[in-house]
Amino acid sequence: MRSSANWRKALLLVALLHACSAVDEHSANFVLFGTIVSIHAFDTTEPAFSDAMSTLETRFSALGVDWYPWADGELKRINAAIAAARPIDVSPPLASLIKAAARFEALSGDRFNAGLGHVSALWGFHALPAGVTSVPDADAISAILATRPGASDLGWQHLTMRPGAASTLLDLGGIAKGALLLEARRLLLQHGIDNAIVNLGGDLLVIGQVHGRHARIGIQSPHDDYPIAGLQIASGEAVFTSGNYERYVEIDGTRYPHILDPRTGQPVRHTASVTVVHTDPVLADAAATALLVGGGADFDALVDAFELEFALLIDASGDTRLTPGMRQRLHWTATGNSQ
Ligand code: AMP
Ligand code: MG
């Protein structure tokens, strides 16, 4: 389920780039835990690109294990320490990601919450595509939420983390891609690649330019395979989309999407997708997730809280909300409905 949606999002960009292939353009794809990582670089040489790709793939594979709560890596050890109420020393990159998650929890009024791993597991999102066969017990969800899981009550003394609620199972899925894109940019620049697009299953970051011009990308319709709108992305900008169609469990014919409302522990169904453009990919990632949870009702408040210039929300019935800046930038296609 996750892969097919990611392919669809990733393909949009590839299709747009196809028209402008040139000799100094190089691209590579690899799959990381079900997400397609695709890199297009411009104005570089084959040896430099290959070298950068092998560094990137190695680093991403390691971070994929260390930042995924259900792999045998650092985040799993941190979660074990929280469960056992033990302090633990955390590596600098993961410490800054967990601290960022705590800030976004506060900023979003708990629409964003990075401590819901136990609730997520009850819904079977950690075991896709198998998932679960019945809706989880409401009392089991309430028991977890009653102790207020989240990254916010973790205490820090430099890199030593003091555990908070024992029901917290850190799941950084709502911001990890943003941080991976920052890491990709650092590594590409280190290898002398100044013009590239890094795409993680449809969430992307533009570095420099595409043959001297801004990159053009398409925003996928949450309902089918077509782009609903296109926009130009300047150097340094990231585009993040959170969608209720991307990953889900299907129970008795009903789809339950992977993004949870932290206040209820229920999958969010009122909003189909949210796209955020921002120069900080971690913020864009967190904001897209938070706005999906908040829905149309919280759109203005969350846009203000995250100080967003460019955001688009499409609710389950296809109605859209846009910031004025996003309205100006988007070019609706014939499939799009809000020109
Ligand atoms: P994204 O695709 O960036 O919106 O992230 C979705 C992922 O974030 C899910 O697969 C979970 O790992 C995690 N997640 C689910 N619900 C939330 C939430 N309310 N706040 C933060 N992260 C969440
Ligand atoms: Mg996100």
Side-chain angles (χ1 to χ4, degrees), residues 1-3 5-6 9-10 33-36 64 67-71 75 79 97-98 100-129 131 141 144-145 148-152 168-182 200-205 220 222 238-249 256-278 280-295 298 302 306 308 311 313:
M1 278 174 247
R2 174 162 72 161
S3 302
N6 282 335
K9 278 212 291 180
F33 293 96
T35 293
I36 293 106
W67 292 2
Y68 187 63
W70 293 286
L75 191 55
N79 280 325
L97 203 53
I98 298 168
R103 280 199 306 279
F104 295 131
E105 288 177 4
L107 212 55
S108 70
D110 208 34
R111 273 59 172 172
F112 183 93
N113 186 307
L116 300 178
H118 282 306
V119 184
S120 209
L122 286 180
W123 285 100
F125 296 128
H126 66 311
L128 290 175
I141 295 177
I144 296 169
L145 295 184
R148 304 185 67 79
S152 306
T168 295
L169 187 109
L170 289 173
D171 168 8
L172 300 168
I175 48 169
K177 281 191 195 174
L180 285 173
L181 285 180
L182 280 182
L200 299 186
D203 298 316
L204 60 94
L205 175 70
Q220 187 200 320
V239 186
F240 271 82
T241 299
S242 286
N244 72 2
Y245 56 91
E246 292 183 296
R247 298 177 67 206
Y248 50 82
V249 284
Y256 296 90
H258 67 133
I259 298 176
L260 298 168
D261 188 324
R263 298 160 294 180
T264 61
Q266 297 296 313
V268 174
R269 300 168 73 181
H270 50 67
T271 301
S273 77
V274 173
T275 299
V276 172
V277 181
H278 201 280
D280 178 346
V282 183
L283 186 140
D285 195 355
T289 307
L291 264 74
L292 191 104
V293 174
D298 291 341
L302 288 171
F306 282 89
L308 302 178
L313 178 150

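Whatever order the structure lists ligands and atoms in, that order sets their numbers, starting from 1. Positions are given from 1 along the sequence.
Residues Gln266 and Ile141 share a closest heavy-atom pair of NE2-CD1, 3.9 Å. Residues Val282 and Leu182 come closest through the heavy atom pair CG2-CD1, 3.7 Å. Looking at every heavy atom in both residues, Asp285 comes nearest to Gly174 through OD1-O, 2.7 Å. Of all heavy-atom pairs between Leu169 and Pro69, the closest is CD2-CB, 4.4 Å.
The option from Arg263, His258, Lys177 that lies nearest to atom 2 (O) of ligand 1, judged by heavy atoms, is His258. Taking all heavy atoms of Asp110, Asp203, Asn113 into account, the minimum distance to atom 23 (C) of ligand 1 is reached by Asn113.
The closest approach between a heavy atom of Pro262 and any atom of ligand 1 is below 4.0 Å. Contact between Phe112 and ligand 1 is present, with at least one heavy atom of the residue lying under 4.0 Å from the ligand.
Residue contact annotation: Asp285 places an N/O/S atom under 2.8 Å from the Mg ion (ligand 2).
Between Phe306 and Phe104, the two ring planes are parallel [angle under 30°; tilted spans 30° to 60°]. Using cut-offs of 30° and 60° on the angle between ring planes, the pair Tyr68 and Trp70 is perpendicular.
Looking at Asp171, its side chain never comes within 3.5 Å of a backbone N or O of Leu116 through a donor-acceptor pair. Judged by distance alone, with hydrogens and angles left aside, the side-chain atoms of His118 form no donor-acceptor pair with the main-chain N or O of Leu170 at under 3.5 Å. Between the side chain of Thr168 and the main chain of Gly150, a donor-acceptor pair closer than 3.5 Å is present. In this structure, Trp123 contributes its side chain and Pro257 its backbone to no donor-acceptor pair below 3.5 Å.
At most 12 non-hydrogen atoms from other residues, nucleotides or ligands lie less than 6.0 angstrom from CZ of Arg148.
For the pair Leu260 and ligand 1, the shortest N or O to N or O distance falls below 3.5 Å. Inclusion of Ser242 in the set of residues having an N or O under 3.5 Å from an N or O of ligand 1 is warranted. The shortest N or O to N or O distance between Ser120 and ligand 1 is not under 3.5 Å. In terms of polar-atom proximity, Arg111 is counted as a contact of ligand 1, with an N or O under 3.5 Å from an N or O of the ligand.
Atoms of ligand 1 lying under 4.0 Å from at least one heavy atom of Arg247, given by number and element, are 10 (O). For ligand 1, the atoms closer than 4.0 angstrom to any heavy atom of Ile259 are 4 (O), 6 (C), 15 (C), 16 (N).
With respect to atom 3 (O) of ligand 1, the closest heavy atom belonging to the protein is Asp285 OD1, 2.9 Å. Nearest protein heavy-atom neighbour of atom 11 (C) of ligand 1: Asp171 OD2, 3.2 Å. Annotation: atom 1 (P) of ligand 1 to nearest protein heavy atom, Thr289 OG1, 3.3 Å.
Put simply, the angle at the Mg ion (ligand 2) from O in Gly174 to OG1 in Thr289 is close to 100°, to the nearest 10°.
Residue Val293 touches ligand 1 through its side chain alone, judged by heavy-atom distances below 4.0 Å.
Note that atom 8 (O) of ligand 1 has protein non-hydrogen atoms nearby, at separations under 4.0 angstrom.
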